[in-house]
Amino acid sequence: MARVFTTPFEFNGVTYHALVSTHQSGDKTDFVIQLHDVDLHEHIPGGKFSYNSHEGLHQVELLEQEIARQLVTTITSSIDDHMQTMERVI
């Protein structure tokens, strides 16, 4: 099953939105996150990153800048909150 949604997150005192695409296959969920605010592209090249429920945030460990890791962690926390809210609704 595929879903697309936006989720707000706060970074450096500013509220931004991320566009999130999910695709579930068996017990694995893939997430693709796009950031449309070009100011954030300085930290996340191309404004896009992905992860999945099996490998987790392995990609974050590869990011060299601490600020990029903080940004990704903030966004994925917002995604987790959104997903938990949707599970309660459904």
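What's counted below: heavy atoms across the whole structure, side chains too, no hydrogens, waters or symmetry copies. Position 1 is the first residue of the sequence, and the numbers go up from there.
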query = Which pair of non-hydrogen atoms, one from D39 and one from H43, has the smallest distance, and what is that distance?
reply =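 Closest pair (atom of D39, atom of H43, distance): O-CD2, 4.3 Å.
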message = Using every non-hydrogen atom in the two residues, find where A68 and I44 come nearest and quote the distance to one decimal.
response =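 Looking at all heavy atoms of both residues, the shortest contact is O-CD1, 4.1 Å.
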Do the side chains of [X] and [Y] join up, straight or via other hydrophobic residues, at under 4.5 Å, putting them in one cluster?
X: L40; Y: F49; value: yes
X: V32; Y: M83; value: no
X: V14; Y: V38; value: no

query = Backbone N or O of D81 within a donor-acceptor pair of the T85 side chain at under 3.5 Å?
reply =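 Present.
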message = Has S78 got a side-chain atom pairing as donor or acceptor with P8's backbone, closer than 3.5 angstrom?
response =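 Side chain of S78 to backbone of P8, a donor-acceptor pair under 3.5 Å: yes, one is there.
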message = Can you list everything that forms a side chain to side chain donor-acceptor pair (under 3.5 Å) with T22? Sequence neighbours excluded, please.
response =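 For T22, no residue satisfies side chain to side chain donor-acceptor pair (under 3.5 Å) once neighbours in sequence are set aside.
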Measure the [atom1]-[atom2] distance between [X] and [Y] for me, rounded to the nearest 0.5 Å.
X: I67; Y: N12; atom1: CD1; atom2: CG; value: 5.0 Å
X: L35; Y: I75; atom1: CG; atom2: CD1; value: 4.5 Å
X: D80; Y: T73; atom1: CG; atom2: OG1; value: 10.5 Å

query = Is it the case that more than 12 heavy atoms not belonging to Q24 sit under 6.0 Å from its CD atom?
reply =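 Enclosed: over 12 neighbouring heavy atoms sit under 6.0 Å from CD of Q24.
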query = Which residues pass the ring pair (Phe, Tyr, Trp, His ring centres under 6.0 Å) test with F9, sequence neighbours left out?
reply =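 Only Y16 meet the ring pair (Phe, Tyr, Trp, His ring centres under 6.0 Å) criterion with F9.
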ask   = K28: what forms a salt bridge (charged side-chain N to carboxylate O under 4.0 Å, His left out) with it, not counting sequence neighbours?
value =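 If we apply the salt bridge (charged side-chain N to carboxylate O under 4.0 Å, His left out) test to K28, skipping adjacent residues, the hits are D30.
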query = Who are the side chain to side chain contact (heavy atoms under 4.5 Å, CB included) partners of Q34, not counting sequence neighbours?
reply =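 Applying side chain to side chain contact (heavy atoms under 4.5 Å, CB included) to Q34 gives L19, H36, K48.
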